[in-house]
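Note that ligands are numbered from 1 as they come in the structure, with each ligand's atoms numbered from 1 the same way. Residue numbers count from 1 along this sequence.
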Amino acid sequence: MAIKLYNTKVRKRVEFSPIDENNVQMYVCGPTVYDRAHLGNARPVIVFDTLFRLLRYTYGADHVTYVRNFTDVDDKINATALARQQAGAAGTLEDLIAERSEETIGWYLEDMAALGALEPTAMPRATQYIAQMIAMIEDLIAKGHAYVAEGHALFRVRSFTEYGALSGRSVDDMIAGARVEVAPYKEDPMDFVLWKPSSDDQPGWDSPWGHGRPGWHIECSAMALDLLGDAFDIHGGGNDLTFPHHENEVAQSTCAGHGFANVWMHNEMLQVEGKKMSKSLGNFFTVRDLLEQGVAGEVIRLVFLMTHYRKPMDWTDAKRAEAQKMLTDWFDILRKHGYSPKTVAQLKASGDWAADIELMGVLGNDLNTPGALARMHVLAKARTTFGLVPLAHALETLGLVSDWAVLDVSASPRDEIPDWVTVVIEQLIARRGAARASKDWGEADRLRDLLSAAGVQVSDVAGTASWSPGQDFDPSVLEELK
Ligand code: AMP
Ligand code: ZN
């Protein structure tokens, strides 16, 4: 099957042809691990997970390598660790930094798994690749593309004539745009940091240029080289990273003599009222916030798939409701036609589990997820023509089913729930509301845990809580409160 991808480098859609069909390789810039992922951070994860799934379908699950890093060297992580130390937390600053990264990585993996994202093949952490970064910087210095000044190693931007080609900017425009940091030790204001000195309250490693830490850009160049080799197929990330991060990655890797990435892919931003959702603007909410409000991970994922990855998008409650209804309808159709986890397993075992070729073709056209969803509506309607296997297959391929147990009818329909259960749940919700109002967070959390142990999904919309039985609804745990 032919796949076409929009390559930022050439600004058009091109037919994808991997360097080695037996090992298609992709690198995606991962998060800086200093806090919970906000909903915007989920966009590249879902986009590139969908691409990962498409590549696995096309080339075989064992023939795709996907690397997504964790940036665990960052001033924001240091700041959190330092604040914790000043607040009396035990341990050295290094311990507290490691603890903070570890905690954040755990949250991240949990939240992204809830969105149906497969784990990448490798998830390197920057702190594990310091030696490779130092080696690459030494190589750049030896080749005349970098220099040392006042404990810093800097990349000599004017030594790379193609600088700006990826993002489509000229060096002079960039200077005029004043997007560069002027510093007395720089030969040229455009030059960027490969290595910088660390003070005692910052993490640091010994290097030929003194005790310090790497700049952000060199991390990805060094990790991609180590894990994927001299050249690889696809490099992805949000379009906020095209300049300067990706431009600098290209400069470093190319000047060190490597082929680097053939295809560059960038997802557009998740916006709030026309502005990028970001921590620094304060206009964000986390993936965890939504999950805790009872919005299923599959529903969140479907909202993202409803917009093409190269278009800006907003999260709205109307879209959430639409996605919820789409999923409910599709699963209802499957259930009504006798689909269960067992029948799905049988279909797979008997070799009758097959994709709709047209849908995969649409998806292969630069990851046209809205087109693929439109095709699913057709498949669901014209089921006498197609049967339901293509619909079920598409749900799985797009990451919209984490477990076919969703087809089990164990979740009691609302009107079959005994009255005492409704009474107990409503009492618990009222008590949780009161605990929150009086800022008794401990009690509020305890009640929430109790409700979630019973598989009750609570959503708070405009200050009013409503509930529904989830897939794992089990009121027997509420028996003693009867
Ligand atoms: P950060 O931790 O800010 O470096 O971001 C991690 C990843 O999330 C990068 O690929 C960013 O491009 C992406 N990202 C950050 N904010 C948004 C947003 N509002 N919409 C889509 N992607 C985003
Ligand atoms: Zn990167």
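- Outside the 6.0 Å centre-distance limit, the rings of Phe155 and Phe160 are not counted as a close aromatic pair.
- Numbered from 1 in the order shown, with element, the atoms of ligand 1 that lie under 4.0 Å from a heavy atom of Lys276 read 16 (N), 19 (N).
- Among the backbone and side-chain atoms of Glu249, an N/O/S atom is found under 2.8 Å from the Zn ion (ligand 2).
- At least one heavy atom of Glu268 sits less than 4.0 Å from an atom of ligand 1.
- The ligand atoms of ligand 1 that sit less than 4.0 angstrom from a heavy atom of Asn267 are 21 (C), 22 (N).
- Rounding to 10 degrees, one finds that the Zn ion (ligand 2) sits at the corner of an angle of 130° between Cys220 SG and Cys29 SG.
- Looking at Glu292 and Arg448, a side-chain N of the basic residue comes within less than 4.0 Å of a carboxylate O on the acidic one, giving a salt bridge.
- Taking the charged nitrogens against the carboxylate oxygens, Glu322 and Lys325 have no contact shorter than 4.0 Å, which rules out a salt bridge.
- Checked for salt-bridge contact, Glu162 and Lys9 miss the test: no charged N lies under 4.0 Å from a carboxylate O.
- In this structure, His38 counts as a contact residue of ligand 1, since one of its heavy atoms falls inside 4.0 Å of the ligand.
- With respect to Asp35, the salt bridge (charged side-chain N to carboxylate O under 4.0 Å, His left out) criterion is satisfied by exactly one of Lys76, Lys279, Arg288: Lys279.
- Remark: ligand 1 and Gly40 share an N or O pair separated by less than 3.5 Å (distance only, no angle test).
- Considering only non-hydrogen protein atoms, atom 4 (O) of ligand 1 sits nearest to Thr32 OG1, 3.9 Å.
- The ring-ring contact (aromatic ring centres under 6.0 Å, His included) test with Tyr66 singles out one residue from Tyr59, Tyr27, Phe52, Phe48, and that residue is Phe52.
- When atom types are taken as modelled, the side chain of Gln25 and the backbone of Leu228 share a donor-acceptor pair closer than 3.5 angstrom.
- With ligand atoms numbered from 1 in the order given, ligand 1 contributes 10 (O) to contacts under 4.0 Å with heavy atoms of Cys29.
- Below 4.0 Å from some heavy atom of Leu241 lie the following atoms of ligand 1, by number and element: 9 (C), 10 (O), 12 (O).
- For a distance bound of 2.8 Å, the N, O or S atoms of His217 include none lying that close to the Zn ion (ligand 2).
- Below 3.5 Å of separation, one finds an N or O of Leu270 facing an N or O of ligand 1.
- Atom CD of Glu94 has 12 or fewer heavy atoms from other residues, nucleotides or ligands within 6.0 Å.
- Any N or O atom pair closer than 3.5 Å counts here, and Arg43 shares no such pair with ligand 1.
- Residue Val28 does not touch ligand 1, judged by heavy-atom distances below 4.0 Å.
- Ion pairing between a basic and an acidic side chain is recognised when a charged N comes within 4.0 Å of a carboxylate O; Asp49 and Arg68 show no such pairing.
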Derivation and outcome, side chain to side chain donor-acceptor pair (under 3.5 Å), residues Ser221 and His217: CA-CA 7 Å; Ser221 283; His217 318 302; over 6 Å; no
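- Checking each of Arg53, Met376, Glu298 against Leu398 for a side chain to side chain contact (heavy atoms under 4.5 Å, CB included) leaves exactly one that passes, namely Met376.
- Of the polar atoms of Gly238, at least one N or O is found under 3.5 Å from an N or O of ligand 1, judged by distance alone.
- At least one N, O or S atom of His245 sits under 2.8 Å from the Zn ion (ligand 2).
- Of the protein's non-hydrogen atoms, the one nearest atom 1 (P) of ligand 1 is Asn41 ND2, 4.2 Å.
- When the heavy-atom distances from atom 12 (O) of ligand 1 to Leu39, Asp240, Val45 are ranked, the shortest goes to Asp240.
- Using a cutoff of 4.0 Å between basic side-chain nitrogens and carboxylate oxygens, Arg158 and Asp188 are scored as salt-bridged.
- Assignment of Pro44 to the shell around ligand 1 is supported, since a heavy atom sits closer than 4.0 Å.
- Distance from atom 19 (N) of ligand 1 to its nearest protein heavy atom, with residue and atom name: Met277 O, 2.8 Å.
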